[in-house]
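This report concerns only the one structure given below.
Chain letters run A, B, ... following the sequence lines, proteins first and then strands; every chain starts at 1. This one's a predicted model, so the numbers in the text were calculated from it and none came from an experiment. Side chains included, hydrogens not; waters and symmetry mates left out as well; all remaining heavy atoms used.
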Number of protein chains: 2
Amino acid sequence: MIPVKNNYQFEDMLDKHQLKKTAPRLRVLSMMYSKNTATSQPDLENVMHDIDRVTLYRILNVFEEKGIIHKVFDLDGTANYAVCHSDCEANHHHDEHVHFNCTVCKNVYCLNELSLPSITLPAGFKPESFTLYASGLCPKCDKKNSVK
Amino acid sequence: MIPVKNNYQFEDMLDKHQLKKTAPRLRVLSMMYSKNTATSQPDLENVMHDIDRVTLYRILNVFEEKGIIHKVFDLDGTANYAVCHSDCEANHHHDEHVHFNCTVCKNVYCLNELSLPSITLPAGFKPESFTLYASGLCPKCDKKNSVK
DNA sequence: ATATAAATGCAACAATATTTCATTTAGAAT
DNA sequence: ATTCTAAATGAAATATTGTTGCATTTATAT
Ligand SMILES: [Mn+2]
Ligand SMILES: [Mn+2]
Ligand SMILES: [Zn+2]
Ligand SMILES: [Zn+2]
């Protein structure tokens with residue numbers, strides 16, 4: 001489902017976006033591609049103690065600008081980032097999919113495979129993009145729950 | 001459309017939720033009911049200079065807890081609050097409608113009249129609530145745009 | 001090997017969220 | 001009407017998060 005990438009491919013990605021191939025960037029990419037849930041800046045900080053939080057902040061910003069990752073706010077309003085699977089371009093994202101926020105583990109899942117139902121807005125509103133948010137129990141937490 | 005309320009009705013609302021009828025609370029209620037867009041804490045601060053921002057912070061929190069208002073994050077991740085029209089209960093909201101965030105004026109509109117299309121999630125996900133976010137041009141900004 | 005622009009780390013600063021506590025006040029009891 | 005009490009407010013303090021400036025380091029083009 002999610003295309004697993006190796007280090008060479010991450011280097012290629014940075015190349016394509018005219019970003020220098022630095023250790024912090026490669027580590028962030030590899031972490032984000034290894035999970036099937038979105039990653040918050042605190043998540044990164046907790047793992048990469050040796051990288052400055054400002055550097056992580058800037059990496060997330062530039063990756064989002066370039067269309068490598070997109071930002072999703074969870075139920076508490078904290079920003080989470082997930083890799084784009086929608087051929088997003090610099091400053092122009094197309095990540096119009098469903099986001100699922102688990103109320104137990106707080107993880108944010110991008111449900112890329114689901115397409116959004118079309119909807120008609122009241123007269124006068126000119127929509128440019130849509131996102132559907134769902135919250136509830138994710139598969140893992142639902143299983144743990146029913147076992148008890 | 002939006003039921004306009006007077007001060008007696010705001011006092012009743014506070015009564016019903018076992019909240020004391022204080023001046024700051026009544027003013028916040030009256031401001032939020034007078035607009036058809038959501039209100040951020042900075043919005044309130046800009047108008048009610050004499051009320052401490054911690055008080056506003058606490059009023060918004062308790063109103064949300066009681067089911068009087070609900071929280072919506074806009075495109076920048078700042079929290080906006082709008083009055084509930086879905087008979088929400090304490091700690092249990094039912095505000096499953098479309099939210100529209102204008103990219104120009106940044107206003108957040110609750111489109112209460114629209115019902116959400118039903119959607120089936122991948123196996124294992126147990127959704128409890130849905131929200132659809134749309135962003136683009138609101139009626140006002142669209143008009144201004146086409147006049148120029 | 002050298003030069004240069006980009007990226008990093010650190011410190012400083014700004015904005016926001018949250019806690020603590022002394023004082024005030026709404027509403028209940030007398 | 002007066003007194004009492006829990007709730008609410010305001011002010012200050014602290015915590016967390018977002019952002020900028022600048023000196024130093026590093027990737028990469030020459
Ligand atoms: Mn996504
Ligand atoms: Mn709403
Ligand atoms: Zn979960
Ligand atoms: Zn607008």
- Which pairs with one or both residues in residues 117-139 of chain B pass salt bridge (Lys or Arg N to Asp or Glu O under 4.0 Å), sequence neighbours excluded?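 Listed once each, the pairs are A:D142-B:K126.
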
- Can you tell me which residue pairs pass the salt bridge (Lys or Arg N to Asp or Glu O under 4.0 Å) test with a partner in residues 44-61 of chain A, sequence neighbours excluded?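 The answer is A:R27-A:D50.
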
Rounded distance (Å) that lies between atom [atom2] of [N] and atom [atom1] of [X]:
X: B:L44; N: D:dG10; atom1: CG; atom2: P; result: 13 Å
X: B:R27; N: D:dT9; atom1: CZ; atom2: C1'; result: 13 Å
X: A:N46; N: D:dT16; atom1: CG; atom2: C1'; result: 14 Å

- Task: Return each pair, listed once, that meets ring pair (Phe, Tyr, Trp, His ring centres under 6.0 Å) where at least one residue sits in residues 42-65 of chain B; pairs must be two or more places apart or across chains.
- Result: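 The answer is none; no pair qualifies.
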
- Task: Please report how far the helix from C:dA1-D:dT30 to C:dT30-D:dA1 bends, comparing the axis fitted to its first five pairs with the axis fitted to its last five, to the nearest 10 degrees.
- Result: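 The end axes of the helix from C:dA1-D:dT30 to C:dT30-D:dA1 are about 30° apart, to the nearest 10°.
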
In [range], which ones come under 4.0 Å of DNA chain C, going by heavy atoms?
range: residues 101-109 of chain A; answer: none
range: residues 50-62 of chain B; answer: B:R53, B:V54, B:Y57, B:R58
range: residues 63-76 of chain B; answer: none

What pairs of nitrogen or oxygen atoms, one from the protein and one from nucleotides 25-28 of chain D, lie under 3.5 Å apart?
from   : atom 1 : to    : atom 2 : distance (Å)
D:dA27 : N3     : A:K20 : NZ     : 3.3
D:dT28 : OP1    : A:K21 : N      : 3.2

- How is the hydrophobic cluster of B:V108 composed, in terms of its other members, when Ile, Leu, Val, Met, Phe, Trp and Tyr link through side-chain heavy atoms under 4.5 Å apart, directly or indirectly?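 Grouped by the 4.5 Å side-chain rule, A:V72, A:V108, A:Y133, B:V72, B:Y133 form the rest of the cluster around B:V108.
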
- Mind checking side chain to side chain donor-acceptor pair (under 3.5 Å) for A:T55 and listing every partner two or more places apart, or none if nothing turns up?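 Checked A:T55 against side chain to side chain donor-acceptor pair (under 3.5 Å); zero matches.
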
- Testing B:L44, B:I68, B:T39 for side-chain contact (heavy atoms from CB on, under 4.5 Å) with B:L60, which one passes?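 Of the listed residues B:L44, B:I68, B:T39, the side-chain contact (heavy atoms from CB on, under 4.5 Å) partner of B:L60 is B:L44.
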
- Reading DNA chain C 5' to 3', which nucleotide is the first, and which the last, to come under 4.0 Å of any heavy atom in chain B?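 Here the contact window of chain B covers C:dA17 to C:dG27.
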
- Message: List the residues meeting ring-ring contact (aromatic ring centres under 6.0 Å, His included) with A:H92, not counting sequence neighbours, and say none if there are none.
- Response: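 Partners of A:H92 by the ring-ring contact (aromatic ring centres under 6.0 Å, His included) criterion, ordered by chain and then number, come out as A:H94.
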
